[in-house]
Amino acid sequence: MSKPDELLVDIASLVESEHSNQMSLTVVVAGAVITGRLAPEALWRRRVAEVLKDSDRLGPFASVFAADGADAGPPPERKHPTHLHFHLARILQGSLGLPETGGMYRIPLQDVSAWSVGDLSYSEN
């Protein structure tokens, strides 16, 4: 999408304003299906920083995500969120969700071509 869906922007704005991470969403981006829960950007950054900090090789990158202002939400000059921040998310590939435990994804709203409320999962039946 060149212009993000206004309803999706409203959902992302509500997640940011309420600082909630309970909204499940499934999106299609460049043909990939990603499903999981949305998180406010500040929470997402903090969690990514925590994971990186514990890594011997990637530890120095933690500071990029834990930069000053990460707890304050989107900058005041930004009227609406520009990205969706997923945690516990999986890329759906056939009957698999990768990674199984869920990952952290940052997706530009303008790149979402389709979306649905809810977290898709597969059953072996």
Side-chain angles (χ1 to χ4, degrees):
M1 271 181 212
S2 58
K3 184 174 187 248
D5 181 318
E6 289 182 27
L7 185 53
L8 187 56
V9 171
D10 289 346
I11 290 169
S13 296
L14 188 58
V15 168
E16 286 295 331
S17 68
E18 296 294 322
H19 300 288
S20 170
N21 61 356
Q22 299 304 308
M23 181 59 171
S24 295
L25 196 71
T26 299
V27 297
V28 177
V29 180
V33 177
I34 300 172
T35 189
R37 284 195 300 184
L38 293 178
E41 182 176 358
L43 175 64
W44 183 88
R45 285 176 169 265
R46 190 168 42 251
R47 288 192 177 156
V48 171
E50 289 169 2
V51 170
L52 293 175
K53 188 172 136 184
D54 292 339
S55 169
D56 292 335
R57 293 184 324 219
L58 301 175
F61 292 96
S63 63
V64 172
F65 292 91
D68 290 343
D71 291 330
E77 68 274 3
R78 206 186 298 165
K79 187 174 182 179
H80 297 291
T82 58
H83 291 77
L84 297 172
H85 294 87
F86 281 90
H87 71 110
L88 303 175
R90 297 174 323 279
I91 298 173
L92 302 181
Q93 177 75 30
S95 62
L96 298 173
L98 304 170
E100 284 185 24
T101 57
M104 307 287 282
Y105 298 100
R106 176 178 160 102
I107 300 169
L109 279 161
Q110 68 186 23
D111 291 351
V112 174
S113 59
W115 61 275
S116 177
V117 171
D119 186 356
L120 294 182
S121 61
Y122 283 101
S123 170
E124 293 184 24
N125 295 331

Looking only at atom types and distance, does a side-chain atom of E41 sit under 3.5 Å from a main-chain N or O of E16, one as donor and one as acceptor?
-> no
Residue set satisfying side-chain contact (heavy atoms from CB on, under 4.5 Å) with S13, at least two apart, ordered chain then number -> V9, H80, P81
CG/L109 to OG1/T82 distance, rounded to the nearest 0.5 angstrom?
-> 7.0 Å
Reported CG-to-CZ distance for the pair L88 and R47, which is rounded to 0.5 angstrom | 7.0 Å
Are any non-hydrogen side-chain atoms of H87 and V48 less than 4.5 angstrom apart?
-> no
Between R46 and E50, is there a salt bridge with N-O shorter than 4.0 Å?
-> no
Pairs of donor and acceptor atoms involving the side chains of residues 28-40, under 3.5 Å and at least two apart or interchain, shall be tabulated with distances.
residue	atom	partner	partner atom	Å
T35	OG1	T26	OG1	2.7
T35	OG1	D119	OD1	2.7
T35	OG1	L120	N	2.7
R37	NH1	Q22	OE1	3.2

Identify, with sequence neighbours excluded, every residue that meets side-chain contact (heavy atoms from CB on, under 4.5 Å) alongside S17.
-> L14
Which pair of non-hydrogen atoms, one from F65 and one from F61, has the smallest distance, and what is that distance?
-> CD1-O, 3.6 Å
For the pair L25 and L8, evaluate side-chain contact (heavy atoms from CB on, under 4.5 Å) and give the outcome as yes or no after the intermediate values.
-> CA-CA 10 Å; L25 196 71; L8 187 56; 3.7 Å; yes
Can you tell me how far the CZ atom of R90 sits from the OH atom of Y105, to the nearest 0.5 Å?
-> 10.0 Å
Contacts of E100 that satisfy salt bridge (Lys or Arg N to Asp or Glu O under 4.0 Å) - sequence neighbours left out | none
Step-by-step side-chain contact (heavy atoms from CB on, under 4.5 Å) determination, W115 to L84 = CA-CA 12 Å; W115 61 275; L84 297 172; over 6 Å; no
If two hydrophobic side chains count as joined below 4.5 Å and joins carry through other members, does M104 share a cluster with V51?
-> no
Show the numbers, then the answer: is there a side-chain contact (heavy atoms from CB on, under 4.5 Å) between I107 and V112?
-> CA-CA 8 Å; I107 300 169; V112 174; 4.1 Å; yes
Minimum-distance pair of heavy atoms, taken over all atoms of A49 and A62 | O-CB, 3.5 Å
